[in-house]
Amino acid sequence: MKIVNDPVKAQKIIKELKLKRKSIGLVPTMGALHEGHLSLIRSSCKENDFTVVSIFVNPVQFGPKEDLNKYPRPIKNDLVLCKKAGVDLVFHPMAENIYPQGYKTWVTVDGLSKELCGKSRPVHFRGVTTVVAKLFNIIQPDAAYFGQKDAQQAVIIEKMTQDLNFLVKIQVMPTVRERDGLALSSRNIYLNKQERQDALVLQQVLDLAKSVIKSGERNTQKVIFLMRRFIEHKNSAKIDYIEIVDCNNLLPVKIISGKCLVALAVWIGKTRLIDNVIVTSNR
Ligand code: PAF
């Protein structure tokens, strides 16, 4: 397994692979790899000749008061996991490799980036799309793998890929959960024992939404009201948002019909967690 931090070196390796007509899969990550990332890596290894995992805690997708400094960086363990999983190349740049002095170019997907998480994280998606566009240019993957847990990120990256004519197939893979239902996230390690227990409320309230919708409720305000009431019983939980939106434009819907995304962000103590589920109704 090769480990490269210089984009120019990575590009040289990629150029040779392209000459040999090898297909390339990219799994962009910020490290602190867990089973969710590993499921993306496994899909990439299965579907491509060569798999690149990027590990880069992208500073520009964190707001000024967010957790950039404390974000976990267990690089040694990440490299062991990548090697075991059969990764061919780990691209692990430093911030100055990606944003050298005088860096000036940003990629923004209008509209979609302002919805859901964009309301409380106004610079987040601009940072994500900028770094992912750069990774697409450096690695030139045939396919790139993202998790459904970050549903909004996946929709925005699909839109960027389409709008900027990237020849990359975006593969969105199912959320991987702990046995008790908590969606895997690198931020789960911030939770203490009590908070870890309280964090189950995200999955529980999504199950509640699914079941009331299944029993026929179509009014989103009513579903959201029930979800709010359920979460407000947990002391350490503070709702950032609960929304039911159209899967494509991420705009709130009044009546559930067709495919909708039920998405939420909840603070558990000092940790902000997100989760979502897609619901389908035919009437
Ligand atoms: O999902 C993530 O870990 C990040 O947002 C990504 C896509 C690697 C960009 O930094």
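Order of listing sets the numbers, starting from 1, for every ligand and every atom in it.
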Kindly say whether Cys247 contributes a backbone atom to a donor-acceptor pair with the side chain of Lys259 at under 3.5 angstrom?
->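 No; judged by distance alone, with no hydrogens or angles, the pair does not exist.
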Is a side-chain N or O of Glu195 found less than 3.5 angstrom from the main chain of Asn192, in a donor-acceptor match?
->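 Looks like yes, one N/O pair under 3.5 Å.
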Atoms in ligand 1 flagged as close to [X], the criterion being non-hydrogen separation under 4.0 Å:
{"X": "Pro28", "answer": "8 (C)"}
{"X": "Val131", "answer": "9 (C), 10 (O)"}
{"X": "Thr29", "answer": "8 (C)"}

For [atom], grab the closest protein heavy atom and report residue, atom and distance to one decimal in Å.
{"atom": "atom 3 (O) of ligand 1", "result": "Met30 CG, 3.6 Å"}
{"atom": "atom 10 (O) of ligand 1", "result": "Gln61 OE1, 2.6 Å"}
{"atom": "atom 7 (C) of ligand 1", "result": "Gln153 NE2, 3.5 Å"}

Same apolar cluster: Val107 and Met30, side chain cutoff 4.5 Å |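 Val107 and Met30: separate clusters.
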Would you call Lys169 and Glu47 a salt bridge, taking side-chain N to carboxylate O under 4.0 Å as the test?
->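 A salt bridge is absent here (no side-chain N lies under 4.0 Å from a carboxylate O).
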Go through the side-chain N and O atoms of Tyr99 and Asn58 and say whether any donor and acceptor fall under 3.5 Å apart.
->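 Indeed, the side chains of Tyr99 and Asn58 share at least one donor-acceptor pair under 3.5 Å.
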Rounded distance [0.5 Å steps], CZ in Phe125 versus CD in Gln152 |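 So the gap between those two atoms works out to 3.5 Å.
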Using a 4.0 Å heavy-atom cut-off, say whether Ile157 meets ligand 1 through its side chain, its backbone, both or neither.
->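 For Ile157, there is no contact with ligand 1 at all, from either part.
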